[in-house]
Engineer: 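The structure is given below, and queries will be raised subsequently.
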Amino acid sequence: MIVASFNINGIKARLPALVDWLKEASPDVAVLQEIKSVDEGFPREPIEDLGYNLETHGQKGFNGVAILSKSPMEDVTRGLPGDDTDEQARYIEATVNGLRICGLYLPNGNPVPGPKYDYKLAWMQRLQNRATQLLATEQPFLMAGDYNIIPQAEDAARPEVWTDDALYRLESRNAYRRLTNLGLTDALRATTRADKTYTFWDYQAGARQKNNGIRIDHFLLCPQTADRLQSCEIDAHVRDREKPSDHVPIKVTLDF
DNA sequence: ATGCCACAGCAACTGTGA
């Protein structure tokens, strides 16, 4: 079973690139971030024509997440628990073949300090609470998406420029480490030693050509799921195609 | 020190992103 995550930066602008990649990678499940569309505006047919069931959780203009699955999805829930006043569409869950899939678009958090950063840290605490709940159920699960966290210095081409940024400052990395300390496995670091491996390159200043990237899209696996992890790959070549997203897909192969 | 680039909403530009 292949599960993928892809921040597409707008479904309307990215539909051809998404369809091309789905045909090529053919993931069994894919979580998408930044669909930037309301649910009614999402172009369902091109996705469904490829054999995918589709669940969206969108909002007007920005944010928005979705889950695609070739197998039926059960118990779909929208929104991250823990704050009924949170109206940003950043989280969705569904169960596929007994595996709980959590798709997330974690807040950027800049500028620091400020309300956006406070929201990011509070959101990460809620995510930790949700992971703790899921661990207690002993149901296999994974949390995949755009975490907007550079976990360590080796996850950025130029870590020194990110020192005070919401994606990398110590308080942010500590919050991510609290997630892994629960017993969740970062799938990429568990399966590869490759360095200069990134999932995002800015559109500006030739960042892709210089490989001036950052690794901010992650798969975190619970212990039962990590036991079934075979490989984790980043489809970096997608970044060099026509009209690319600034992120590229990351995917895991699981023995499910 | 700032913009660089891109997308959505909307019809000139702003908000947002990382």
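Sequence lines set the chain letters: A, B, ... in the order given, protein chains first and strands last, and positions in each chain run from 1. This structure is a prediction, so every number in the text was calculated from the model and none was measured.
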Engineer: Considering just the side-chain nitrogens and oxygens of Asn108(A), establish if one lies under 4.0 Å of OP1 or OP2 belonging to dA18(B).
Structural biologist: yes
Engineer: Please give the distance between the P atoms of dG3(B) and dG15(B) as a whole number of Å.
Structural biologist: 14 Å
Engineer: Using atom P of each nucleotide, how far apart are dC13(B) and dC4(B) to the nearest Å?
Structural biologist: 15 Å
Engineer: If you pin Tyr203(A) and Lys116(A) to their nearest nucleotides in DNA chain B, which one's is more 5'?
Structural biologist: Tyr203(A)
Engineer: Among residues 10-18 of chain A, which residues get a heavy atom nearer than 4.0 Å to DNA chain B?
Structural biologist: Gly10(A), Lys12(A), Ala13(A), Arg14(A)
Engineer: Is the gap between the ring centers of Tyr91(A) and Tyr105(A) under 6.0 Å?
Structural biologist: no
Engineer: Between Asp202(A) (CG) and dA6(B) (P), how many Å, whole number?
Structural biologist: 10 Å
Engineer: Once you round it to whole Å, what is the distance between P of dC5(B) and CG of Asp246(A)?
Structural biologist: 14 Å
Engineer: Test your reading of the model: is there a side-chain donor-acceptor pair from Lys36(A) to the backbone of Gly58(A), 3.5 Å cut-off?
Structural biologist: no
Engineer: Which value, rounded to the nearest 0.5 Å, describes the distance between Ile216(A) atom CD1 and Asn148(A) atom CG?
Structural biologist: 5.0 Å
Engineer: Which nucleotide, dC4(B), dT16(B), dA18(B), lies nearest any side-chain atom of Gln204(A)?
Structural biologist: dC4(B)
Engineer: Side-chain N or O of Lys36(A) less than 4.0 angstrom from OP1 or OP2 on dG9(B)?
Structural biologist: no
Engineer: OH of Tyr117(A) versus P of dA18(B): gap in Å, rounded?
Structural biologist: 15 Å
Engineer: For the pair made of OH in Tyr119(A) and P in dA18(B), what is the distance, rounded to whole Å?
Structural biologist: 13 Å
Engineer: What does Asp146(A) touch in the nucleic acid at a heavy-atom separation under 4.0 angstrom: a base, only the sugar-phosphate, or nothing?
Structural biologist: sugar-phosphate
Engineer: Taking atom types as modelled, find out whether His57(A) and Glu93(A) have a side-chain donor-acceptor pair closer than 3.5 angstrom.
Structural biologist: no
Engineer: Can you figure out which of dA18(B), dT16(B), dG9(B) approaches the side chain of Ile216(A) most closely?
Structural biologist: dA18(B)
Engineer: What interatomic distance, in whole Å, is found between C1' of dC7(B) and the corresponding atom of dA11(B)?
Structural biologist: 16 Å
Engineer: In whole angstrom, give me the gap between the C1' atoms of dA18(B) and dC5(B).
Structural biologist: 11 Å
Engineer: Could you tell me how far apart Gln59(A) (CD) and dG15(B) (C1') are, to the nearest whole angstrom?
Structural biologist: 13 Å
Engineer: Side-chain N or O of Tyr105(A) versus OP1/OP2 of dA18(B): is the shortest distance under 4.0 Å?
Structural biologist: yes
Engineer: For the pair made of CH2 in Trp162(A) and P in dG17(B), what is the distance, rounded to whole Å?
Structural biologist: 14 Å
Engineer: Quick one: Arg239(A) CZ to dA6(B) C1', roughly how many Å, whole number?
Structural biologist: 10 Å
Engineer: Are the side chain of Thr180(A) and the backbone of Thr185(A) linked by a donor-acceptor contact shorter than 3.5 Å?
Structural biologist: no
Engineer: For Asp86(A), is there an ion pair with Arg126(A) - N to carboxylate O distance below 4.0 angstrom?
Structural biologist: yes
Engineer: As a quick check of understanding, evaluate side chain to side chain donor-acceptor pair (under 3.5 Å) for Lys116(A) and Asn108(A), giving each step before the final call.
Structural biologist: CA-CA 8 Å; Lys116(A) 290 187 175 181; Asn108(A) 174 304; over 6 Å; no
Engineer: Could you state the CD-P distance from Gln88(A) to dT16(B), rounded to the nearest angstrom?
Structural biologist: 9 Å
Engineer: Closest-nucleotide mapping onto DNA chain B: is Ser37(A) or His247(A) further toward the 5' terminus? I mean the 5' end.
Structural biologist: Ser37(A)
Engineer: Once you apply a heavy-atom cut-off of 4.0 Å, does Arg215(A) come out as touching a base, just sugar-phosphate, or nothing?
Structural biologist: nothing
Engineer: So which of Ile47(A), Thr56(A), Asn53(A) actually passes side-chain contact (heavy atoms from CB on, under 4.5 Å) with Leu68(A)?
Structural biologist: Ile47(A)
Engineer: Tell me whether the OP1 or OP2 atom of dA18(B) has a side-chain N or O from Asn110(A) closer than 4.0 Å.
Structural biologist: no
